[in-house]
Amino acid sequence: QVQLAESGGGQVQAGGSLKLSCSFSGPSFISYGMSWFRQSLGKVREFVAGITWNGGRTYYADSVKGRFTISKDEATMTVPLQMDNLKDEDTAVFYCDAVYAAVVVSGVDVYDYWGQGIQITVAT
């Protein structure tokens, strides 16, 4: 069973930096594509950043491009999210997501796991 745990959240002044980390426990970390999502008060959960299973490609929401960096550390089974030049609109609960799609005889089995979320507050 896969479990995800976010850490590194808290409050920071606008323009500052924070580094979130997602710790993965369970089998086959190397097989999972990893992402960060966030949800602000009263809004739907939105994609922030993602990285492919082998770390070969990264993806970012337009709102965070050039400010956030996602990576995947196979040795420690963690997915850091470096967040720089934070803005008021980055205030949200951030969630880690792990996805693995396995091709089977009947089609594709998708395994999708979420962390509990962690609060980031950017003060102006």
Side-chain angles (χ1 to χ4, degrees):
Q1 179 71 14
V2 170
Q3 291 186 316
L4 305 175
E6 300 94 343
S7 61
Q11 182 167 317
V12 64
Q13 290 294 115
S17 298
L18 274 178
K19 187 173 184 177
L20 300 181
S21 185
C22 174
S23 295
F24 181 107
S25 62
S28 305
F29 174 64
I30 193 172
S31 300
Y32 283 81
M34 304 295 297
S35 298
W36 285 93
F37 285 73
R38 66 186 179 188
Q39 187 167 16
S40 304
L41 199 62
K43 296 186 178 180
V44 299
R45 192 172 297 188
E46 63 175 0
F47 171 80
V48 174
I51 188 166
T52 53
W53 66 275
N54 61 354
R57 298 195 70 172
T58 56
Y59 304 87
Y60 298 93
D62 287 343
S63 59
V64 306
K65 275 181 185 175
R67 301 189 297 121
F68 290 13
T69 304
I70 189 173
S71 57
K72 193 180 185 195
D73 189 329
E74 299 293 343
T76 59
M77 294 172 63
T78 59
V79 181
L81 180 69
Q82 177 66 42
M83 306 185 294
D84 298 319
N85 189 21
L86 283 159
K87 303 177 181 179
D88 178 45
E89 52 264 41
D90 295 319
T91 294
V93 177
F94 281 69
Y95 297 89
C96 181
D97 175 45
V99 177
Y100 168 55
V103 177
V104 296
V105 172
S106 57
V108 178
D109 286 344
V110 178
Y111 301 85
D112 190 5
Y113 300 94
W114 291 88
Q116 293 293 315
I118 193 163
Q119 177 70 46
I120 302 300
T121 302
V122 182
T124 55

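Everything numeric in this text was worked out from a predicted model, so none of it was measured. Index from 1, following the sequence.
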* Smallest separation among heavy atoms of A92 and Q119, with atom names -> O-NE2, 3.4 Å

* To do: Supply the atom-to-atom distance Y113 OH to D97 CG, rounded to the nearest 0.5 angstrom.
  => 11.5 Å

* Structure fact -> Output for pair (F94 CZ, Q39 CD), nearest 0.5 Å, gives 11.5 Å

* Asked: Can Y95 be reached from F24 by stepping across I, L, V, M, F, W or Y side chains whose heavy atoms are under 4.5 Å apart?
  -> no

* Do the side chain of T78 and the main chain of S21 share a donor and acceptor less than 3.5 angstrom apart? -> no

* Are V99 and M34 joined in one hydrophobic group, where the rule is that I, L, V, M, F, W and Y side chains link up if heavy atoms are under 4.5 Å apart? -> no

* Asked: Would you say the side chain of W36 lies within less than 4.5 Å of the side chain of C96, judging by non-hydrogen atoms?
  -> yes

* Do you know the tightest heavy-atom contact between Y111 and A102? -> CE1-CB, 4.2 Å

* Worked check of side-chain contact (heavy atoms from CB on, under 4.5 Å) between F37 and W114 -> CA-CA 10 Å; F37 285 73; W114 291 88; 3.6 Å; yes

* Which distance, rounded to the nearest 0.5 Å, do you find between the CD1 of I51 and the OG of S35? -> 9.5 Å

* Is there side-chain contact between V110 and Y100, with heavy atoms separated by less than 4.5 Å? -> no

* Establish whether M83 and V12 are linked, either directly or via other cluster members, by ILVMFWY side-chain heavy-atom contacts under 4.5 Å. => yes

Pairs under 3.5 angstrom only: tabulate donor-acceptor contacts from the side chains of residues 60-75 to other protein residues two or more places apart or in another chain.
from : atom 1 : to  : atom 2 : distance (Å)
Y60  : OH     : I70 : N      : 2.9
D62  : OD1    : K65 : NZ     : 3.2
S63  : OG     : R38 : NH2    : 3.4
R67  : NH1    : N85 : O      : 2.9
R67  : NH1    : D90 : OD2    : 2.8
R67  : NH2    : S63 : O      : 2.9
R67  : NH2    : D90 : OD1    : 3.0
R67  : NH2    : D90 : OD2    : 3.4
K72  : NZ     : F29 : O      : 3.1
K72  : NZ     : Y32 : O      : 2.7
K72  : NZ     : W53 : O      : 2.7
D73  : OD1    : A75 : N      : 3.0
D73  : OD1    : T76 : N      : 3.2
D73  : OD1    : T76 : OG1    : 3.4
D73  : OD2    : T76 : OG1    : 3.3

* Structure fact -> Taken to the nearest 0.5 Å, the spacing of K19 NZ from L81 CG works out to 10.0 Å

* What is the distance from atom CD of Q3 to atom OG of S23, rounded to the nearest 0.5 Å? -> 11.5 Å

* State the CD1-CG distance between I120 and L20, to the nearest 0.5 angstrom. => 4.5 Å

* Using the rule that two of Ile, Leu, Val, Met, Phe, Trp, Tyr join whenever any of their side-chain heavy atoms come within less than 4.5 Å, decide whether V2 and V79 are in one cluster. => yes

* **Side chain Q116, main chain E6, donor-acceptor under 3.5 Å** => no

